[in-house]
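These notes concern the structure reproduced below.
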Amino acid sequence: MGNVNRVDKTLKLNEMIYYVRKDAKLRDRWQSDLKSLCDEFGLTRTEYDALESRNPAILMDIGVHQYLVPHIMRLFYGTSGMTNSHPAMQAYLKAFPEESERALKGTSWQHIVNDDG
Amino acid sequence: MAKIVAAMAMTHSPGLAGWFESAPAEEQQMALDAFSDMRAHLREREVDVIILIGNDHLLNWPLNNTPNYTVGIDDEHVGPADWYDSWLQQEEKFSVPGHSALARFIVNESARLGVAMSSKRDMQFDDSVTVPTLHLNPDGEYRTIPINLNCTVPPVPDQVESYQFGITLRKILENYPGDERIALVGTGGLSHEPGGPRYFFIDEEFDRQYLALLENGDHAQILREITMERMEEAGSGGTGELIAWFIVMATTKGVANVLGYAPSYSWRSGTGFVIWPEIAASTGSGQAQSSMEKSDSM
């Protein structure tokens, strides 16, 4: 397996995202008081700091499952209109500029790398 | 004896619902034409029940417990789950009838045949069920049974295990004391890496190789060449959704008809659609079974 093998299946942050996605009240608390929500789920300082970084690379480095990282970005930046120009996707451009440029070079989306990546 | 009468597979990327119009017009038209062909095939084959096979995406099970196969056993399925409404641009929930009796039979018969399948009431749905339902079954015409897979939490079933599971699924359906006409629809793929460092990456070369192999119709060759390792190279945690296609392929014979393909950077996924026109005879084994037994390497 590739990048998904980096997951820490015991990480509390992974558990927290699983439940936050499914519960509107938890999603409200994410917006209103993220720190207390993280404390309630027993996150470490490292996990909390990784969350606050809003950086997909840092989140995956501590073991967040790659599939949950976009959900974290959507919780921060909103869920609708998830084109490549969405702020959640811009976070990926910034975190992985080389991979993103290689992927989008010569495509109709090349301009987002040049503009924001 | 329930009977598999149709076998198809399709990409389920959220862009096919949530930001469809962001893709070039020719990609949109390709997808719309493919959906039209698939709906026509369902009608022509007089399908009663669609079994949708796709990635659970960590939606119904948390990371500390990810069964490989989960059957939604309710008599009604409603979605998408709230978190996905705006992501998939859905102002209203879809509602399709389920088939609880058959779904529960699948769970229990699989145990008797030595395969562990979990079951779920109140199953939640994201793109893997919502996208095919919106495009293939928008009016809830067909009863639906979702079978969600673990495609993304290691260890995941590889291509050979998935193919063998497909053979078992066919046996299960043949053992059912009813005369339902079943369509198997595999959803997911083609190449993409959702949430990974290569989120924008599409491996067009891999996609075209895979689709060409499907068109050639040699299942043993596909099982040899399209390994989980190769799928991971073509996009970790996403391309491996093609195990759903392997499950469906195991119930078929020969070639697949490729309805369309596009390396869609707008939808962030290799995007493809196929129909296998011929269903395998109910011999109790898949087309590639004998060659699989000869090779320890698979």
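Every heavy atom of this structure was used, including side-chain atoms; hydrogens, water molecules and symmetry mates were not. Residue numbers start from 1 in every chain, and the chains themselves are labelled A, B, ... in the order their sequence lines are given, proteins ahead of strands.
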Shortest non-hydrogen contact between Val4(A) and Gly237(B), atoms and distance: CG1-CA, 3.5 Å
State, with a plain yes or no, whether a side-chain heavy atom of Met60(A) is found less than 4.5 Å away from one of Pro197(B).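 Touching, per the 4.5 Å side-chain cut-off.
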Do Ile17(A) and Leu58(B) have side chains that approach each other closer than 4.5 Å (heavy atoms only, starting at C-beta)? no
Per the salt bridge (charged side-chain N to carboxylate O under 4.0 Å, His left out) rule, what does the pair list look like for residues 70-79 of chain B, sequence neighbours excluded? none
Checking heavy atoms, do the side chain of Met89(A), its backbone, both or neither come under 4.5 Å from chain B? both
Note each donor-acceptor pair with a separation under 3.5 Å, taking one atom from chain B and one from chain A.
residue   : atom : partner   : partner atom : Å
Leu58(B)  : O    : Arg21(A)  : NH2          : 2.3
Leu59(B)  : O    : Lys22(A)  : NZ           : 2.5
Asn60(B)  : O    : Tyr18(A)  : OH           : 3.1
Trp83(B)  : NE1  : His71(A)  : ND1          : 2.9
Tyr84(B)  : OH   : Arg21(A)  : NH1          : 3.2
Ser86(B)  : OG   : Thr79(A)  : OG1          : 2.2
Gln124(B) : OE1  : Lys22(A)  : NZ           : 3.3
Thr152(B) : O    : His65(A)  : NE2          : 2.8
Pro154(B) : O    : Lys9(A)   : NZ           : 2.8
Pro194(B) : O    : Gln66(A)  : NE2          : 3.0
Gly195(B) : O    : Tyr92(A)  : OH           : 2.7
Glu232(B) : OE1  : Gly2(A)   : N            : 2.6
Ser236(B) : O    : Gln66(A)  : NE2          : 2.8
Ser236(B) : OG   : Asn3(A)   : N            : 2.9
Ser236(B) : OG   : Val4(A)   : N            : 3.1
Tyr265(B) : O    : Asn84(A)  : ND2          : 2.9
Ser266(B) : OG   : Trp109(A) : NE1          : 2.9
Arg268(B) : NH1  : Met82(A)  : O            : 3.0
Arg268(B) : NH1  : Asn84(A)  : OD1          : 2.7
Arg268(B) : NH2  : Met82(A)  : O            : 2.8

Under the ring-ring contact (aromatic ring centres under 6.0 Å, His included) definition, can you give me all pairs with a residue in residues 222-249 of chain B, not counting sequence neighbours?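 Applying ring-ring contact (aromatic ring centres under 6.0 Å, His included) to every pair that reaches into residues 222-249 of chain B, excluding sequence neighbours, yields Tyr210(B)-Trp245(B).
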